[in-house]
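This report concerns only the one structure given below.
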Amino acid sequence: MNESWSPAPGRASAAAPVARLIEELHKLPGIGPKSAQRLAYHLLRATDEEARALAEAIVEVKERIHLCALCQNMTDIDPCALCSDESRDQTVICVVEEPLDILAIERTRAHHGLYHVLHGSISPMEGIGPEQLKVRELLQRLRDGKVTEVIMATNPNLEGEATSMYVSRLLQPLGVRVTRLARGLPMGGDLEYADDLTLARALENRQEL
Ligand SMILES: [Zn+2]
């Protein structure tokens with residue numbers, strides 16, 4: 001066992017490997033201490049094959065999934081399936097904060113162009129500046145002049161707005177049309193949770209930035 005790891009107080013009764021599993025599960029988003037315990041004991045009761053399948057799926061995803069050199073989305077092929085799909089409109093790029101936002105926009109079937117994932121938003125509170133985002137990679141993609149429109153589809157909250165404004169200011173000198181999703185998405189929310197119809201409308205009625 002890793003020497004640097006020590007069980008959290010109050011879990012001394014669980015055997016060290018079990019406590020360690022609980023601790024690791026507890027780090028996952030949305031998993032509180034109680035859920036972590038339940039999951040750990042569920043895994044203990046699972047067959048060896050079931051437990052191994054889960055462990056291997058986690059290892060495989062870490063080994064095989066990387067960022068697409070073009071759009072920065074998670075992929076196991078490079079360029080990713082979306083970037084290499086020639087039936088998609090190569091002149092429009094929709095810029096999103098997270099890979100999950102692509103799924104939300106794809107569900108609407110209202111965007112037929114390409115994507116670009118920034119991997120976050122500008123947040124002075126959390127110390128995230130533009131240099132930590134995949135902005136340079138976006139500028140690189142616009143160099144050859146094939147892209148004529150960039151749709152800023154950042155989250156409808158303060159960080160998303162700030163990111164959108166920052167990127168659009170950078171793009172202005174390139175002569176590319178920059179639009180943003182129409183207002184109407186619930187403020188403060190995540191694109192990921194917007195309903196398909198609202199999101200499709202916001203895309204269709206996008207506005208110049
Ligand atoms: Zn890609």
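Counting starts at 1 for both ligands and their atoms, in listed order.
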Exercise. Gln72 and Tyr115: side-chain donor and acceptor closer than 3.5 Å?
Worked result: no
For this session: Verify, without hydrogens or angle tests, whether Asp196 (side chain) and Thr108 (backbone) share a donor-acceptor contact under 3.5 angstrom.
Result: no
Exercise. Under the 3.5 angstrom rule, does the side chain of Glu149 hit a backbone N or O of Val147 as a donor-acceptor pair?
Worked result: no
Problem set entry | the Zn ion (ligand 1) - number of protein N/O/S atoms closer than 2.8 Å | 4
Problem set entry | Any residue meeting side chain to side chain contact (heavy atoms under 4.5 Å, CB included) with Ala40, in chain and number order, not counting sequence neighbours | Leu21, Ile22, Leu25
Problem set entry | Residue list, side chain to side chain donor-acceptor pair (under 3.5 Å) with Thr91, at least two apart or on another chain | Asp89
For this session: Sorted by first residue and then second, give each side-chain hydrogen bond (donor to acceptor under 3.5 Å, both in side chains) pair with at least one member in residues 119-147; sequence neighbours left out.
Result: His116-Arg141
